[in-house]
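Reviewing the structure listed below.
Chain A is the first sequence line, chain B the second, and so forth, proteins listed ahead of strands; every chain is numbered from 1. The analysis underlying the following values was restricted to heavy atoms, covering all of them including side chains, and did not include hydrogens, waters or symmetry mates.
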Amino acid sequence: MTVSEIRQQFFDFFERKGHAIVPSAPLVIKNDPTLLFTNAGMNQFKDYFLGNESAPVKRIANSQKCLRVSGKHNDLEEVGVDTYHHTLFEMLGNWSFGDYFKKEAIEWAWELLTEVYKLNPQDLYVTVFEGDETDKVPMDSESNELWAKLIDPSHILLASKKDNFWEMGDTGPCGPCTEIHVDLRSTEEKSNIPGASLVNNDHPQVIEIWNLVFMQFNRKANGSLEPLPATHVDTGMGLERLAMALQGKQSNYDTDLFQALIQHMEKLAGKGYGKSEPTDIALRVIADHIRAIAFSIADGQLPANNGAGYVIRRILRRAVRYGYQTLELKEPFLFTLIPVLVEQMGHPYKELVSQENLITKVIREEELSFFRTLEQGIKRMDLLMEATRGQHNNTLEGTAVFELYDTYGFPLDLIQLIGREHGFSVDEAGFNQELTKQKERSRAATGIETDDWQQVNEENPTEFIGYDVIQCDTTIIRYRKVTQKQREFYQLVLSQTPFYAESGGQVGDTGWLIDSQGNKTRIFDVKKENNLIVHLCESLPASLGETLSAQIELNRRINIQKNHSATHLLHHALRTVLGTHVEQKGSLVSPDYLRFDFSHFAKVTEEEMEQVISLMEQQISANIPLNEKRNTPISEAQSMGAMALFGEKYGDLVRVIQFGESIELCGGTHVKSTGEIGLIHIQSEAAVAAGIRRIEVISGQAAETYFKQESALMTEVRTMFKNPKDVLKSIQDLMDQNQGLGKEIEALIKERNKGIKRDLESKLEEINGIPCVCQEVSIDTNSVKDILFQLKGQYPSFVGIIGNIDGDKCGLSVIISDDLVASKLWNATQWIREVAPMIQGGGGGQPFFATAGGKNSNGIKSALSALKNKL
RNA sequence: GGGGAUGUAGCUCAGUUGGCUAGAGCGCUUGACUGGCAGUCAAGAGGUCGUCGGUUCGAGCCCGAUCUUCUCCA
């Protein structure tokens, strides 16, 4: 049975049990501050569990792409070392939202595994929560009894809170779970050691395949549990592990899903799988990581140096590291796996096919950049080894190694490897100490504490009515205090709101809540947490229970709307001018400007840019009215030709924004007709990553101000040039002239200095047999220096002492030829320091040349004679 | 979001506690040698030392702000 068939049978089974089959949500999470990536099947249903939203259907099943790189279940550094952990994996799941509970969940799971997938019941073990005293939760005897009817009691095991009590986070829904494990060992091994003793013991062939979570509690901020009003079922079964069990393989990597990738790498590296442990690990790491990287990029998450993008970069670099170190691949190779992956997984995941070009380009570019980093690191590594040789027992110091790792991105294991080759060891304890320090710093800086929600009114969750009104009456449903970086603020949930919450690139509204007394509470930002609209303010309104008037800052909203509609026109214009490969990869719509990132493989030329602007201007002056359709079925929207974005999650009902030919799925706020946008101006076009360009545009008021200022500036320039016919030529002429004059002055100064030099030479005297010039001149210090160096070059034995007056400043310079410095141990610096006070200044230099500066030119004469007396 | 590093000639970089008139290699221009190419030699052009402000007699170097790029942590 292939992986695709396994997936399909899962869907068919739960469809028969009355479940709706829904598509996988994107990998990248937008409206959840606690998560960077979808890491479990339930992520997209979080709001249903939290009670922020009610589920449209009560039974759902799907296969969800998930990414896990850290946490209690998985760590990036472990993936590939064993044969059953992954970064990206598919999670098959079935859900009940306040519908069926333990009985059906357990019975159906059993039916599917034993009757559809035909797993041998003798190979299956289940675990049941044993209860926990500190939480005062009893054992899950209900599950225990249900299982006892299906499976040999010796295959039912009790497990602790650590393994069998599931929690969404520090607070929120939680409950006991029951896990199904499968024993895939040979008959002989099974008879030697009973499978029951290997469950939950990290045995590669006795593994958990399905987890059934029964949500029945809510954990509060003080740690206590309260029962949930409605109970839910959340299950998750790793497709990769299931495939291994059903295909009778010893490892996930032996299934058809991974073999194609591994075989490609075997050919490329000229090394076979299954011959040596290090090679196998490297091949597994690469086969695993390429999936995570490719899917993330397809969902719009590019490698970057912070946030979610940094996680992707780290995964990519880990894969390259294994290829570089173990497989000895010294040039980019990851990108060559993309066609294989597309062949393998392009069918269920169409985004891979349509984004193939971009994914390949981005990965290749990232690989190249990492190879550059490695090259730099190797140079630094050489320096470090040179500096350490023969010291500290040839141990590279932890702080130095950490610097190499932290600042220059050179991987620790590579440092150790190269070190070993040259006879050095690494002070790992010292390194880890530095790493811990850095982690603590970061944690301290991001510390955020949230109190429990305080319920004020029992009403329905927030409704956004800001498409139609800018002001409305509302009440506070609940609020909580949040502390971040010693700054306290409050989050409010309102019964209804005109405030747009930051989403789809459009920033949140600002405004006020006003009570009946006219007291204003400033709302400084509005964000979404999952689908809950949260208003941020620095202090609570005085009267929490009463009806308040919510008002948004209108002028700011208007500017935002202009920029948002302009974004749509820009998107459409780019696709028209450059081609339909242009897709939105990021967007920011603020009151001041708009920023639009899109896929395109070359710089947008000036001509193309001209076309884009004029197309946008045409549409603005045509004053096309907004055609807004709310609650449109997604199928209908797509048949209208609406553009949907990859990596964006859409519900069944969507909102469509149309301005003529520009049709997009969009939840943002817009102008009523394009004419309102007014002027536009493109401020910049630049690259942000391989294959991704960024355009920044201003519109409306901001553009008007810009053009006004430019025009005023131009007028000033013209006036300065006495209104010439051709301003550019005037400026060019002026610049040419200026350059010519500069050179002329330089030549004149040189000429003058020559004269002064000749003059000084004529006053050359011998003091105690040493040729010496001691004079006062009125030129700048730089020229003095110039002349003195020339004289020093001319006379093998020579002392020059010059005092100069330059405006209201004055200076002293002494030069001594090298032979006198050597033979008489004269020191110009010492001399100049001694006499500098005479001109109320200070100075210094080197033994053969020193200068001093000061304010009192009356002191020059005495300073000069004092210096002369040194000879 | 927090830390570290980085920015000097067209490119790759050096510049030691602030003071040897801002350097090297490659590239570029010109000339010489050789029958041509390749090459060798010689001469030369090319720099607001990221930007702004400060300290100092003097700043590429020190201090503050800001931008770029890289990197680690969250």
| Could you walk me through whether A/Glu403 and A/Arg380 pass the salt bridge (Lys or Arg N to Asp or Glu O under 4.0 Å) check? | CA-CA 10 Å; A/Glu403 189 197 11; A/Arg380 298 237 158 222; 5.8 Å; no
Q. Given the rule in the ring-ring contact (aromatic ring centres under 6.0 Å, His included) test, do A/Phe410 and A/Tyr405 qualify, once you have shown the distances and angles that lead to the verdict?
A. CA-CA 5 Å; A/Phe410 203 54; A/Tyr405 163 82; 10.0 Å; no
- [ ] Apply the test salt bridge (Lys or Arg N to Asp or Glu O under 4.0 Å) to residues A/Glu761 and A/Arg758: give CA-CA distance (whole Å), side-chain angles for both, the deciding distance (0.1 Å), then the verdict.
- [x] CA-CA 5 Å; A/Glu761 277 187 274; A/Arg758 270 197 301 275; over 6 Å; no
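What separates CG of A/Leu404 from C1' of B/A5 is a distance of 12 Å, to the nearest Å. Protein atom OH of A/Tyr408 is 14 Å distant from nucleotide atom C1' of B/G3, rounded to whole Å. Remark: P of B/C70 and CZ of A/Arg317 are 9 Å apart, rounded to the nearest angstrom. Put simply, NZ on A/Lys527 is 10 Å from P on B/G1, counting in whole angstrom units. Summarising the geometry, the separation between CG on A/Leu412 and P on B/U71 is reported as 18 Å, rounded to the nearest angstrom. When rounded to the nearest whole Å, the span between CD of A/Glu366 and P of B/U69 equals 14 Å. Nucleotide B/C72 holds its C1' atom 15 Å from the CZ atom of A/Arg380, rounded to whole Å. If you take CG of A/Asn804 and P of B/C57, they are 16 Å apart, rounded to a whole angstrom.
Remark: the backbone N or O of A/Leu27 is paired with a side-chain donor or acceptor of A/Asp299 at under 3.5 angstrom. The closest donor-acceptor contact from the side chain of A/Thr829 to the backbone of A/Gly845 lies under 3.5 Å.
Among the atoms of the strands shown, base atoms are found under 4.0 Å from some heavy atom of A/Gly842. Across all strands shown, A/Gly409 has heavy atoms under 4.0 Å from sugar-phosphate atoms exclusively, and none from any base. Among the protein residues, A/Gly844 comes within range of the nucleic acid bases, having at least one heavy atom under 4.0 Å from a base atom.
For B/A24 and B/G47, the C1' atoms lie 15 Å apart once the distance is rounded to whole Å. Spacing of C1' atoms, B/G35 relative to B/U30, comes out at 22 Å, to the nearest Å. Using C1' as the reference atom, B/G50 and B/C67 are 8 Å apart when rounded to the nearest Å. Comparing B/C63 with B/U55, their P atoms sit 15 Å apart, to the nearest whole Å. The separation of B/U68 from B/A14, taken at their P atoms, amounts to 23 Å, rounded to a whole angstrom. Atom name P, nucleotides B/U17 and B/G53: the rounded distance is 28 Å, in whole Å. Look at the C1' atom in both B/A9 and B/G15: the space between them is 14 Å, to the nearest Å. Taking atom P in both B/A5 and B/G58, one finds a spacing of 28 Å when rounded to whole Å.
Between A/Arg313 and B/U71 there is a side-chain N or O to OP1 or OP2 distance below 4.0 Å. At B/C13, one or more side-chain N or O atoms of A/Gln376 fall inside 4.0 Å of OP1 or OP2 (strictly under the cut-off). Residue A/Thr373 has a polar side-chain atom (N or O) positioned under 4.0 Å from OP1 or OP2 of B/U71. Remark: A/Tyr310 is in phosphate contact with B/C72, judged by side-chain N or O atoms under 4.0 Å from OP1 or OP2.
No option in A/Gln433, A/Glu440, A/Glu434 other than A/Glu434 meets the side-chain hydrogen bond (donor to acceptor under 3.5 Å, both in side chains) test with A/Lys437.
Residue pairs satisfying the salt bridge (charged side-chain N to carboxylate O under 4.0 Å, His left out) criterion with at least one member in residues 366-377 of chain A, sequence neighbours excluded, are listed as follows: A/Arg313-A/Glu366.
Pairs of Watson-Crick or G-U wobble type, with distances under 3.5 Å, assemble into runs of 3 or more in RNA chain B at these ranges: B:1-5 with B:69-73, B:10-13 with B:23-26, B:28-33 with B:39-44, B:50-54 with B:62-66.
Where A/Ala308 and A/Thr407 meet RNA chain B, the nucleotide closest to each residue was compared, and A/Thr407 sits on the side nearer the 5' end.
Contact annotation: the side chain of A/Ile787 approaches that of A/Asn753 to within less than 4.5 Å [non-hydrogen atoms, C-beta and beyond].
Among the nucleotides B/U71, B/C72, B/C73, the one closest to any side-chain atom of A/Asp406 is B/C72.
Note that A/Lys330 lies in the cation-pi zone of A/Tyr324, set by a 6.0 Å cut-off to the ring centre and a 45° limit from the axis.
Between the side chains of A/Ser783 and A/Asp780, at least one donor N or O sits under 3.5 Å from an acceptor N or O. No hydrogens or angles considered: nothing links the side chains of A/Glu776 and A/Asn804 as a donor-acceptor pair under 3.5 Å.
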5' to 3', nucleotides 20-26 of chain B under a 4.0 Å protein heavy-atom cut-off (B base, S sugar-phosphate only, - none) gives SB-----
